[in-house]
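Just so we're on the same page: letters track the sequence lines, and every chain starts at 1. Because only heavy atoms are used, hydrogens play no part in the values below, and waters and symmetry mates are left out as well, while side chains stay in.
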Protein chains: 2
Amino acid sequence: MDEKSIKELVDQYLHISFSIERCGGSLIKGQLAEDLTNDQHYMLRYMNKVEVCTSTELAEVFDVKKSAITAIINRLWKKGLIQRSRDENDRRVVYLTLTNVGKELFDETERRIYELVGSFVKQFEQTEIEAFMRTYEKLNQMIIASKEAKVGE
Amino acid sequence: MDEKSIKELVDQYLHISFSIERCGGSLIKGQLAEDLTNDQHYMLRYMNKVEVCTSTELAEVFDVKKSAITAIINRLWKKGLIQRSRDENDRRVVYLTLTNVGKELFDETERRIYELVGSFVKQFEQTEIEAFMRTYEKLNQMIIASKEAKVGE
DNA sequence: TTTAATAGTTCACTAGTTTAACTATTTATG
DNA sequence: CATAAATAGTTAAACTAGTGAACTATTAAA
């Protein structure tokens with residue numbers, strides 16, 4: 001691959017990923033309950049998957065400082081979507097879980113998001129989309145590895 | 001494609017795109033001048049491409065309200081990276097352009113970003129990445145069309 | 001010539017983020 | 001054991017980014 005086509009690919013990639021982040025994000029937002037942001041939804045999504053987690057874990061997964069997690073968790077807590085409970089053996093630790101209201105809200109939203117994203121996925125041939133996902137995941141692994149190398153420096 | 005594999009694809013897609021947005025964003029941020037954010041960089045990027053633009057145009061392209069553009073433009077203006085000039089025929093209109101300092105900063109940054117993204121691109125076979133980009137662009141067009149359909153409702 | 005529309009700004013408010021200082025608790029060390 | 005160091009989480013100040021509504025100035029339309 002010559003330099004010129006790499007430059008073109010880079011240009012094209014940055015343009016598409018930016019566009020999808022913006023427009024796709026706004027479509028996802030359209031599926032959420034009125035007063036929920038995309039960030040808050042992704043937080044619920046992670047908590048729904050792992051069932052129980054801590055602030056420290058969320059800070060690592062979302063790659064932000066713990067104080068940012070405290071803020072977003074407070075907002076979700078005020079909405080009654082999550083609950084906190086202290087570990088009785090190590091009283092520094094606070095476990096975070098979805099409330100029943102939180103679970104129901106997430107499930108409901110998730111169904112709408114599946115429909116939305118599914119409506120795009122269905123427009124592709126299965127072989128095409130599977131090849132796409134393989135490359136996409138490879139890229140993801142490269143980025144993660146590069147990030148970890150940077151941290152290790 | 002059955003329902004189950006669509007659900008899995010949706011799950012997988014959401015997970016990867018979220019991860020790449022987070023980690024990739026943080027790698028890009030690492031290439032920027034100290035006091036520049038990713039949003040500010042994308043703004044410079046667009047202005048560098050089109051050379052001259054207006055707030056209204058930026059609001060459409062970035063899909064935010066004009067007041068958000070005023071705020072970000074003010075920040076870039078304070079850093080001396082962009083300049084404003086009124087249209088003499090229609091004095092409501094303000095044209096925005098990069099200053100020389102802004103252009104140099106962007107070029108410098110862009111070179112670093114090309115190196116970074118290029119280092120990933122180079123790890124793929126050309127055929128693989130070209131197929132990926134075709135699918136990625138198709139997805140982008142679907143999302144844009146879906147967004148415009150929503151607006152038209 | 002009033003009335004509409006357009007371009008952009010300002011202001012108050014909210015979300016998300018970082019940094020630094022802090023509390024409470026647990027673990028290590030001398 | 002007692003003090004020091006590490007860990008989990010919170011708080012507060014400062015910043016960026018976004019929305020919505022009210023506003024100014026200017027141009028276009030009735």
query = Quick one: which of C/dT19, C/dG16, C/dT25 gets closest to the side chain of A/K65?
reply = C/dT19
task = Starting from the 5' end of DNA chain C, give me the residue, A/D87 or A/A68, whose nearest nucleotide shows up first.
result = A/A68
request  = Report the glycosidic orientation of D/dA25: syn if within 90° of 0, anti in every other case.
outcome  = anti
query = Can you tell me if the side-chain N/O atoms of A/R84 get under 4.0 Å from OP1 or OP2 in D/dT10?
reply = yes
Option among A/L116, A/I20, A/I113 that satisfies the side chain to side chain contact (heavy atoms under 4.5 Å, CB included) test with A/L27 = A/L116
message = Check B/E115 with B/R111, please: is the shortest side-chain N to carboxylate O separation under 4.0 Å?
response = no
request  = Could you tell me whether the side chain of A/R92 has a donor or acceptor atom within less than 3.5 Å of a complementary atom in the base of D/dT7?
outcome  = yes
Integer-rounded Å distance: D/dT10 C1' and A/L58 CG = 15 Å
ask   = 5'-most contact on DNA chain C: A/D35 or A/S67, nearest heavy atom basis?
value = A/D35
Integer-rounded Å distance: C/dA7 C1' and B/E60 CD = 12 Å
task = Output the single nucleotide from D/dT10, D/dG20, C/dA15 whose closest atom is nearest the side chain of A/K79.
result = C/dA15
query = Choosing from C/dA7, C/dT9, D/dG18, which nucleotide comes nearest the side chain of B/S55?
reply = C/dT9
ask   = Which is true for A/I69 with a 4.0 Å heavy-atom rule: it touches a base, it touches only sugar-phosphate, or it touches nothing?
value = nothing
ask   = The side chain of B/V93 lies closest to which of these nucleotides: D/dT16, C/dA15, C/dG8?
value = C/dG8
query = Separation of B/R86 atom CZ from C/dT9 atom P, in whole Å?
reply = 7 Å
ask   = Side chains of B/E130 and B/Q126: do they bring a donor and an acceptor to under 3.5 Å?
value = yes
query = What integer distance in Å separates B/Y95:OH from C/dT6:C1'?
reply = 13 Å
task = Write down the distance between CG (B/L81) and C1' (D/dT16), rounded to a whole number of angstrom.
result = 15 Å
request  = Look at A/R91 and C/dT26 and indicate whether a side-chain polar atom (N or O) is within less than 4.0 Å of OP1 or OP2.
outcome  = no
task = Classify the side chain of B/T56 versus the base of C/dT6 as yes if they form a donor-acceptor pair under 3.5 Å and no if they do not.
result = no
remark   = If pairing means Watson-Crick or G-U wobble with both distances under 3.5 Å, then the partner of D/dT27 is none
message = Just the rounded figure in Å: distance from P of D/dT16 to NZ of B/K29.
response = 11 Å
query = How many Å lie between CG on B/D90 and P on D/dT24, as a whole number?
reply = 19 Å
query = Looking at side-chain heavy atoms only, is the closest gap between B/I144 and A/S19 below 4.5 Å?
reply = yes
query = Just how far, in rounded Å, is P of C/dA15 from CG of A/D39?
reply = 11 Å
message = Looking at A/T54 and D/dG9, is any side-chain donor or acceptor paired with a base atom of the opposite kind under 3.5 Å?
response = no
query = So what does A/T70 hit on the nucleic acid, given a heavy-atom distance under 4.0 Å: a base, only sugar-phosphate, or nothing?
reply = base
query = Per the atom types in the model, does the base of C/dG8 pair as donor or acceptor with the side chain of B/K66 at under 3.5 Å?
reply = yes
task = Could you tell me whether the side chain of B/R45 reaches within less than 4.5 Å of the side chain of A/L14, counting heavy atoms only?
result = yes
note = Checking N1-N3 plus N6-O4 or O6-N4 for Watson-Crick, or N1-O2 and O6-N3 for wobble, each under 3.5 Å, the partner of C/dA4 is none
query = Got a salt bridge between A/E88 and A/R91, using NZ or NE/NH1/NH2 to carboxylate O under 4.0 Å?
reply = yes
